[in-house]
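What follows is a single structure, written as structure tokens, with notes after it.
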There are 2 protein chains.
Amino acid sequence: MELHEAKDKFIQAWGAFGSQWGINRSMAQVHALLLISPEPLSTEDVMEQLNISRGNVNMNLRALIDWHLVDKVLKNGERREFFQAEKDVWKIATNITRERKKRELEPMVRLLGELKQTTGTSAEAKAFKQTATDLHDLTSRIDAVLERSARSDVQWFLKAASTLLR
Amino acid sequence: MELHEAKDKFIQAWGAFGSQWGINRSMAQVHALLLISPEPLSTEDVMEQLNISRGNVNMNLRALIDWHLVDKVLKNGERREFFQAEKDVWKIATNITRERKKRELEPMVRLLGELKQTTGTSAEAKAFKQTATDLHDLTSRIDAVLERSARSDVQWFLKAASTLLR
DNA sequence: TGGAACTTTCAAATAGTATTGAAATATAAT
DNA sequence: ATTATATTTCAATACTATTTGAAAGTTCCA
């Protein structure tokens, strides 16, 4: 496959993949573009290559920086800001995991912890409490595993897990 | 907290959580409702409790069945179909994992495998191939871990992983 | 066989989300 | 201080996804 075609396929696929997981398409595409670019790119570069507006690029670059997936870099003698993606895929995975855990999983664990203590003795109340308890156990456990794998090294974790499960 | 309030909170939260992960809100809410219901519910029941249309309920129940998260059950003497959720949270986690892996992760792994073989020797081509290779390694590894943990038992896996990472 | 009960379909409406682009703001150079 | 360049904001718009609801389809029973 030729580079041009391959780049394009990758950007499209990464965008589609992201949107299936609740990450907006443009953000995923900007990320993809920066991932495969050996040099940092300017806002203008991203606009041109992806054919999206200045506002859109700006907003998504800021979001990517917020997720620690992209850094601003300054070139000397250049007024504009340039942007480069974190290239280490393990770091990428860790950062995404850490953010989503913090923003989505932790609040859910907290809520389930509260819901476990619902009052009532009816069949309905019992079923509810059981579900809340089970889900709380599951989510806490996932939370704990992610916490530890984010702290330590994801690569090592995956290797260890593969071995464990052989 | 009272049951009524707790149920409501749970359904809302599960719906919001789902939509952050690319699962539509109604589907997640129908799932939540069935999860906390000790008895199977009819289409009509779900319509009333969630205030959503017949068509919507029907479509999402079918989707949940497709994901193996909900089963049709027949009550004898009853013409209507009833629906009950799988209550074992480990099975729920396994089924969701299995489906998403199959539908989303596997195609991505396949694509990255192809993209690794892109032609070209420019800096751009090299950066591209490196990224594709790294991502292919990462996604394949995740794929392998999920494959094994889906085959075996998720609970055991999480316990083992927690221990490993202590 | 007719018709009541229930389920499914799908085009149209609605709601939700993302994107644009131009104005406002900020920053740097002269 | 003025101008040129770059960045940010945000109301308007475009786009996508979801939901509705009525019609069509199916199944069961008398």
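Sequence lines set the chain letters: A, B, ... in the order given, protein chains first and strands last, and positions in each chain run from 1.
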side-chain contact (heavy atoms from CB on, under 4.5 Å) for W67(A) and E86(A)? Distances and angles first, verdict last. CA-CA 11 Å; W67(A) 283 67; E86(A) 167 61 57; over 6 Å; no
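Residue-level contact check: E81(A) touches the backbone only, with heavy atoms under 4.0 Å from sugar-phosphate atoms and none from bases.
In this structure, the side chain of S19(A) does not engage the main chain of N24(A) through any donor-acceptor pair within 3.5 Å.
Between R62(B) and the choices N58(B), D66(B), N60(B), the side chain to side chain donor-acceptor pair (under 3.5 Å) rule is met once, by N58(B).
To the nearest angstrom, P of dA29(C) lies 12 Å from CG of N76(A). Taking atom CG on N51(A) and atom C1' on dT20(C), their separation rounds to 13 Å, with Å as the unit. Regarding N58(A), its CG atom lies at a distance of 18 Å from the P atom of dA24(C), rounded to whole Å. Between R62(B) atom CZ and dC6(C) atom C1' the separation is 14 Å, expressed in whole Å. Separating the CE atom of M59(B) from the C1' atom of dT9(C) is a distance of 9 Å, rounded to the nearest angstrom. A straight line from CG of N56(B) to P of dT14(C) spans 16 Å, rounded to a whole angstrom. Atom-to-atom, CZ of R80(B) to P of dT7(C) comes out at 8 Å; the value is rounded to the nearest Å. In this structure, CD1 of I65(B) is placed 12 Å from C1' of dT7(C), rounded to the nearest angstrom.
Residue M59(A) places its CE atom among 12 or fewer non-hydrogen atoms of other residues, nucleotides or ligands, all under 6.0 Å distant.
Less than 4.0 Å separates DNA chain D from at least one heavy atom of each of the following residues of residues 20-35 of chain B: N24(B), S26(B).
Taken together through direct or relayed side-chain contacts under 4.5 Å among Ile, Leu, Val, Met, Phe, Trp and Tyr, F17(B) and V109(A) form part of one hydrophobic cluster. Criterion: ILVMFWY side-chain heavy atoms under 4.5 Å apart, direct or through other members. Under it, I65(A) and M27(A) are part of a common hydrophobic cluster.
Among dT19(C), dT7(C), dC6(C), the nucleotide with an atom closest to any side-chain atom of R54(B) is dT7(C).
Atom CG of L35(A) is separated from atom CG of L64(A) by 9.5 Å, given to the nearest 0.5 angstrom. The CD atom of E2(A) lies 12.5 Å from the CG atom of D8(A); values are rounded to the nearest 0.5 Å.
In this structure, R79(B) does not reach the dT7(C) phosphate: none of its side-chain N or O atoms is under 4.0 Å from OP1 or OP2.
No salt bridge links D71(A) with K91(A); every basic N to acidic carboxylate O contact stays at or beyond 4.0 Å.
Taking every nucleotide of DNA chain D with any atom under 4.0 Å from a non-hydrogen atom of chain A, the first and last of them, 5' to 3', are dA4(D) to dT9(D).
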